[in-house]
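Contents: one structure, followed by commentary.
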Amino acid sequence: MIDNEVLKAIRERKMVFKFKDEPLKEDQINAVLQAGYWSESFGNCEPWQFIVVDEKETKEKLYELTKRVTIYTAGIKNAPVTIAIAITGCGTSHYIEEGAVAAHNMALSAHSIGLGAYWLDVYDIENRKNSVEADAKRLLGLPEEMRLTYFLPLGIPDQRREQTIARLDDMIHYNKFGNA
Ligand SMILES: Cc1cc2nc3c(=O)[nH]c(=O)nc-3n(C[C@H](O)[C@H](O)[C@H](O)COP(=O)(O)O)c2cc1C
């Protein structure tokens with residue numbers, strides 16, 4: 001079977017929800033930001049804006065806000081850094097995918113350098129004025145036309161999650177669904 005470091009990192013990455021109370025080094029954060037920056041985008045739009053949140057007070061406020069949309073929010077408060085992934089540029093019709101591609105590259109690269117991360121959905125499909133996305137945008141000073149897609153709490157893992165995974169053979173079909 002073909003194997004290499006990239007495949008190994010993909011296989012071994014798990015979302016991390018609990019972090020050690022230790023600060024990150026600048027070059028660790030930069031490595032993760034680079035991974036977001038090198039992502040693919042629709043029409044090579046390169047639509048990302050990354051807001052690195054490390055102020056305790058802002059993290060607390062984001063934690064309070066995101067409690068409205070998901071239960072696994074504590075990471076925002078506990079992680080030394082949370083990166084907000086915003087989308088702008090030549091059109092925002094693919095904002096969810098473009099945020100997701102960057103979030104995944106960043107989570108994977110975090111794992112590859114011994115850090116942990118998870119993503120937390122914040123976008124509101126209907127882009128409502130009273131949504132968590134809108135409130136978080138105001139808090140972070142993002143312009144109205146931008147979309148805020150995901151938060152990525154990032155830090156040194158304080159857990160190792162195990163999880164059963166579906167069989168790959170059950171997901172593959174040749175030429176027609178159902179053909180094993
Ligand atoms: C598109 C996407 C959105 C996600 N959103 C959230 C979220 O809002 N909150 C959360 O706690 N985890 C979120 N996750 C993490 C998933 O729960 C996690 O990937 C899944 O349980 C599989 O675990 P693993 O990534 O460790 O293999 C998201 C993952 C993906 C791919």
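Order of listing sets the numbers, starting from 1, for every ligand and every atom in it. Note that this is a predicted model, so its numbers are computed, not measured.
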Quick check: does any side chain N or O of [X] sit under 3.5 Å from a backbone N or O of [Y], one acting as donor and the other as acceptor?
X      : Y      : value
Glu133 : Leu148 : yes
Lys137 : Ala86  : no
Lys59  : Pro80  : yes

Looking only at N/O atoms, are [X] and ligand 1 under 3.5 Å apart anywhere?
X      : answer
Lys14  : yes
Tyr118 : no
Leu120 : no

Using a strict threshold of under 4.0 Å (side-chain N to carboxylate O), is an ion pair present between Glu5 and Lys8?
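Salt bridge flag = no for Glu5 with Lys8.
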Nearest protein heavy-atom contact for [atom]: which residue, which atom, what distance?
atom                    : result
atom 6 (C) of ligand 1  : Trp119 O, 2.9 Å
atom 17 (O) of ligand 1 : Phe17 CZ, 4.7 Å
atom 22 (C) of ligand 1 : Gln163 OE1, 3.7 Å
atom 18 (C) of ligand 1 : Met15 CG, 3.7 Å
atom 5 (N) of ligand 1  : Asp121 OD1, 2.3 Å

Please work out, at 4.0 Å between heavy atoms, whether the side chain, the backbone, both, or neither of His104 comes within that distance of ligand 1.
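It is neither part, as no heavy atom is under 4.0 Å.
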Qualifying residue for salt bridge (charged side-chain N to carboxylate O under 4.0 Å, His left out) with Asp135, from Arg68, Lys61, Lys129, Arg128
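Running salt bridge (charged side-chain N to carboxylate O under 4.0 Å, His left out) over Arg68, Lys61, Lys129, Arg128 with Asp135 returns exactly one hit, Arg68.
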For atom 20 (C) of ligand 1, is some protein heavy-atom partner under 4.0 Å away?
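Given the 4.0 Å cut-off, atom 20 (C) of ligand 1 does not count as touching protein heavy atoms.
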What atoms of ligand 1 come closer than 4.0 angstrom to any heavy atom of Thr70?
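So the atoms of ligand 1 that pass are 9 (N).
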So, applying ring-ring contact (aromatic ring centres under 6.0 Å, His included) with Tyr150, which one of Trp48, Tyr118, Tyr123 is it?
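Only one of Trp48, Tyr118, Tyr123 forms a ring-ring contact (aromatic ring centres under 6.0 Å, His included) with Tyr150, namely Tyr123.
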Please check if the number of heavy atoms outside Lys14 that lie under 6.0 Å from its NZ is greater than 12.
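More than 12 heavy atoms, drawn from other residues, nucleotides or ligands, come within 6.0 Å of this atom.
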Let me confirm one number: the CG-CG distance from Leu33 to Leu154, rounded to the nearest 0.5 Å.
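One gets 8.5 Å once the value is rounded to the nearest 0.5 Å.
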